[in-house]
Amino acid sequence: MLEIKLDDEELKALFLAEVKSRLDKIELETLLMNSKQLCNDLSLSWPTVEKVFLSDTNFPRIRVGSKWLFPRKEVERYIDIWAIEMKK
């Protein structure tokens, strides 16, 4: 005979961790990021993002009203190139 015991709290914690993991993956696949997502991805504050990146006309961005949106893949390519140039 096989007996299985489950700890409800541990099961809930595992479930929530898996849901968060999947939501994070979906977020990474989204086409556009808002300013908060961009700051989070770059680990920078908004004033720093404005100073370092938005001052560059080549930085990929879209302004919709008062809101900034950033094409995720273009930002990733820009950051890759920017990081290489910063090392020089």
Side-chain angles (χ1 to χ4, degrees):
M1 179 169 153
L2 180 64
E3 183 177 328
I4 299 175
K5 293 184 180 183
L6 299 174
D7 179 345
D8 288 342
E9 290 302 313
E10 187 174 341
L11 186 59
K12 182 179 177 181
L14 289 170
F15 175 79
L16 291 175
E18 183 63 23
V19 168
K20 183 182 182 325
S21 171
R22 290 180 187 219
L23 287 173
D24 289 345
K25 183 179 177 190
I26 290 169
E27 183 177 291
L28 288 175
E29 295 170 353
T30 59
L31 181 61
L32 298 172
M33 297 183 284
N34 61 31
S35 56
K36 185 175 179 179
Q37 291 167 318
L38 177 67
C39 290
N40 188 44
D41 285 1
L42 297 176
S43 298
L44 298 171
S45 68
W46 180 247
T48 302
V49 169
E50 285 182 309
K51 180 180 171 185
V52 175
F53 298 112
L54 291 184
S55 61
D56 182 352
T57 58
N58 294 320
F59 189 75
R61 61 187 173 251
I62 303 165
R63 183 115 188 195
V64 179
S66 62
K67 186 174 185 172
W68 285 108
L69 297 175
F70 306 92
R72 184 176 296 279
K73 296 295 181 192
E74 290 179 45
V75 168
E76 289 172 358
R77 281 192 293 272
Y78 178 94
I79 295 297
D80 288 343
I81 293 167
W82 176 82
I84 290 168
E85 290 177 0
M86 291 304 291
K87 289 180 182 178
K88 293 179 182 180

[X], [Y]: one ILVMFWY side-chain cluster at the under-4.5 Å cut-off?
X	Y	result
V49	V52	yes
F59	M33	yes
L2	L11	yes
L6	L16	no
M86	I79	yes

Checklist entry - Is the shortest heavy-atom distance from the side chain of F53 to the side chain of L42 under 4.5 Å? => result yes
Checklist entry - Taking side chain as C-beta onward, heavy atoms only, is W68 less than 4.5 Å from L38? => result no
Where do [X] and [Y] come nearest, in terms of heavy atoms and distance?
X	Y	value
P71	P60	CD-O, 3.8 Å
C39	S45	SG-C, 3.9 Å
N34	K67	CB-CE, 4.0 Å
T48	L44	CG2-CD2, 4.1 Å

Say you draw a straight line from [atom1] of [X] to [atom2] of [Y]; how long is it, rounded to the nearest 0.5 Å?
X	Y	atom1	atom2	answer
L54	F70	CG	CZ	5.0 Å
K87	W82	NZ	CH2	11.0 Å
E18	L14	CD	CG	9.0 Å
K12	D7	NZ	CG	12.0 Å
L31	E74	CG	CD	8.5 Å
K5	E3	NZ	CD	5.0 Å

Item to check | Residue list, side chain to side chain donor-acceptor pair (under 3.5 Å) with W46, at least two apart or on another chain | outcome: E50
Checklist entry - Between S55 (side chain) and K51 (backbone), is there a donor-acceptor pair under 3.5 Å? => result yes
Next on the checklist: With a sphere of 6.0 Å drawn around CZ of R63, does it hold more than 12 non-hydrogen atoms of other residues, nucleotides or ligands?
Outcome noted: yes
